[in-house]
Amino acid sequence: MLVLESHPCTIAPGNNNSSSRRQRWHAFGSNPRRTWRPSMQSTNRSDRRRVALIKGAVDRGSSGIDIKGARPTSPRAWEVLMETLQDQKVNFISPQEAVFAQKRGVPIIDVRPALDYCSSRIPGSVGVPFMRSITGNSVRQNLRRAGFAFFGIFNGTEFNPDFYKDIEAAVDKQKGAVLVCGVGGILEPLGRGGRQSRSLMAAYELASSGYKKVSILQGGFYEWERAGRPLDEEPLPCKQ
């Protein structure tokens, strides 16, 4: 039997149709006097995001990330990300410029996976992984694992819930940061050279949270390494 959820309905006193309305509600198995409450689905998405940020446990989409309600790999998300980063004047800098920034006290934040950072990193950089290995066994996490496994990837990742807390500890909002991932990303329209990256997504999150002077290492860690820049390869204890 089809059951419809009741909704707020005001019936004026003395309305001759009130009896027939009650009959129709009962015909569908619903109570006309039931108090309506907004469901979780009707809660404003931005409100849920703010609550999640405060709690330090963001759960947005299968990866734990969305951009204005869209998957981060979708064309709509890319448009929003590009517009936000351009408005906030997030720019790409060379390895030499990153060194100069570091000498001025601007931290270099490595958003690569923790295992990559622990094995090799830019000297003096701070590891704040944007993603982490999937942990736990919720329905969402198991589905995400299965999705990665379908493509032969058995070390799938999800958003790192400690990202915001660790960023707050490492970065001054006014001084800014240099973000480093594996490839750096390319901020151009999709289909015309645009390339998504963890640095770009992390820059979007920082810019949306009020951080100023955010830069991205052009070409990422691989460009730093290719240019023959110094590396700190002392193994570090690491948690994924």
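Quick caveat: nothing in here was measured; it's all calculated off a predicted structure.
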Handout entry: side chain to side chain contact (heavy atoms under 4.5 Å, CB included) between Arg132 and Glu158, intermediate numbers included
Key = CA-CA 6 Å; Arg132 69 172 186 186; Glu158 62 185 356; 3.1 Å; yes
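- Looking at heavy atoms from C-beta onward, Trp224 lies in side-chain contact with Leu231 at the 4.5 angstrom threshold.
- Asn160 places a side-chain N or O within 3.5 Å of a backbone atom of Pro129 that can act as its donor or acceptor partner.
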List the atom pairs, with distances to 0.1 Å, where a side-chain N or O of residues 105-124 and a protein N or O form a donor-acceptor pair under 3.5 Å, not counting sequence neighbours.
{"from": "Asp110", "atom 1": "OD1", "to": "Arg112", "atom 2": "N", "distance (Å)": "3.0"}
{"from": "Asp110", "atom 1": "OD1", "to": "Arg112", "atom 2": "NE", "distance (Å)": "3.0"}
{"from": "Asp110", "atom 1": "OD2", "to": "Arg112", "atom 2": "NE", "distance (Å)": "3.1"}
{"from": "Asp110", "atom 1": "OD2", "to": "Arg112", "atom 2": "NH2", "distance (Å)": "2.8"}
{"from": "Arg112", "atom 1": "NH2", "to": "Ser120", "atom 2": "O", "distance (Å)": "2.6"}
{"from": "Tyr117", "atom 1": "OH", "to": "Ser125", "atom 2": "O", "distance (Å)": "2.7"}
{"from": "Tyr117", "atom 1": "OH", "to": "Gly127", "atom 2": "N", "distance (Å)": "3.4"}
{"from": "Ser119", "atom 1": "OG", "to": "Leu115", "atom 2": "O", "distance (Å)": "3.3"}
{"from": "Ser119", "atom 1": "OG", "to": "Asp116", "atom 2": "O", "distance (Å)": "3.0"}
{"from": "Arg121", "atom 1": "NH1", "to": "Tyr117", "atom 2": "O", "distance (Å)": "3.1"}
{"from": "Arg121", "atom 1": "NH1", "to": "Cys118", "atom 2": "O", "distance (Å)": "3.1"}
{"from": "Arg121", "atom 1": "NH1", "to": "Asp232", "atom 2": "O", "distance (Å)": "3.4"}
{"from": "Arg121", "atom 1": "NH1", "to": "Glu234", "atom 2": "O", "distance (Å)": "3.3"}
{"from": "Arg121", "atom 1": "NH2", "to": "Asp232", "atom 2": "OD1", "distance (Å)": "3.3"}
{"from": "Arg121", "atom 1": "NH2", "to": "Glu234", "atom 2": "O", "distance (Å)": "2.4"}

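- For the atom pair CZ of Arg226 and CZ of Phe221, the computed distance is 13.5 Å after rounding to the nearest 0.5 Å.
- Taken from CG in Leu81 to OH in Tyr204, the straight-line distance is 7.5 Å, to the nearest 0.5 Å.
- The hydrophobic cluster containing Ile167 does not contain Val178, counting ILVMFWY residues as joined when their side-chain heavy atoms lie under 4.5 angstrom apart, directly or transitively.
- Here the side chain of Gln196 pairs a donor or acceptor atom with the backbone of Pro72 at under 3.5 angstrom.
- Ring pair Phe163/Phe130 is perpendicular by interplanar angle, where above 60° counts as perpendicular and below 30° as parallel.
- The backbone N or O of Glu188 sits less than 3.5 Å from a side-chain atom of Trp78, completing a donor-acceptor pair.
- When all heavy atoms of Phe92 and Gly185 are compared, the pair lying nearest together is CE2-O, 3.4 Å.
- Note on Ile67: it does not cluster hydrophobically with Ile186, by side-chain heavy-atom contacts below 4.5 Å among ILVMFWY residues.
- With hydrogens and angles ignored, the 3.5 Å screen pairs a side-chain donor or acceptor of Ser199 with a backbone N or O of Cys181.
- In the hydrophobic clustering of this structure, Met131 groups with Val126; members are Ile, Leu, Val, Met, Phe, Trp, Tyr whose side-chain heavy atoms approach within less than 4.5 Å, directly or through other members.
- Here the shortest heavy-atom pairing between Ser197 and Val183 reads CB-CG2, 4.0 Å.
- You'll find the side chain of Leu179 stays beyond 4.5 Å of the side chain of Leu217, heavy atoms only.
- Open room surrounds CD on Glu83; 12 or fewer heavy atoms of other groups in view lie less than 6.0 Å from it.
- The two residues Val180 and Gly220 have their closest heavy-atom pair at CG1-C, 4.3 Å.
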Practice task
Before giving the answer on salt bridge (charged side-chain N to carboxylate O under 4.0 Å, His left out), spell out for Glu168 and Lys165 the whole-Å C-alpha distance, their side-chain angles and the decisive distance to 0.1 Å.
Solution key: CA-CA 5 Å; Glu168 284 185 0; Lys165 173 174 64 69; over 6 Å; no
Exercise for the section: Give the intermediate values and the outcome of side-chain hydrogen bond (donor to acceptor under 3.5 Å, both in side chains) for residues Ser208 and Glu205. Expected result: CA-CA 5 Å; Ser208 300; Glu205 295 294 336; 5.8 Å; no
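- Taken from CZ in Arg195 to CG in Leu190, the straight-line distance is 13.0 Å, to the nearest 0.5 Å.
- Inter-residue side-chain proximity for Gln88 and Val214 is flagged as unmet; no heavy-atom pair is nearer than 4.5 Å.
- Taking CG of Leu85 as the start and CG of Leu200 as the end, the distance is 6.5 Å to the nearest 0.5 Å.
- Hydrophobic clustering, with ILVMFWY side chains joined whenever heavy atoms are under 4.5 angstrom apart, keeps Val171 apart from Val99.
- Within the model, atoms CD of Gln218 and CG of Leu187 stand 11.0 Å from one another, a figure rounded to the nearest 0.5 Å.
- Side chain of Lys213 to backbone of Lys89: no donor-acceptor contact under 3.5 angstrom is found.
- A donor-acceptor pair under 3.5 Å is formed between the side chain of Glu97 and the backbone N or O of Ser94.
- In this structure, Gly210 and Lys173 approach most closely via the heavy-atom pair O-CD, 4.0 Å.
- The line from OG1 of Thr84 to NZ of Lys68 is 5.5 Å long, rounded to the nearest 0.5 Å.
- Contact of the Tyr211 side chain with the Asp172 side chain is not registered, since no non-hydrogen atoms from C-beta on lie closer than 4.5 Å.
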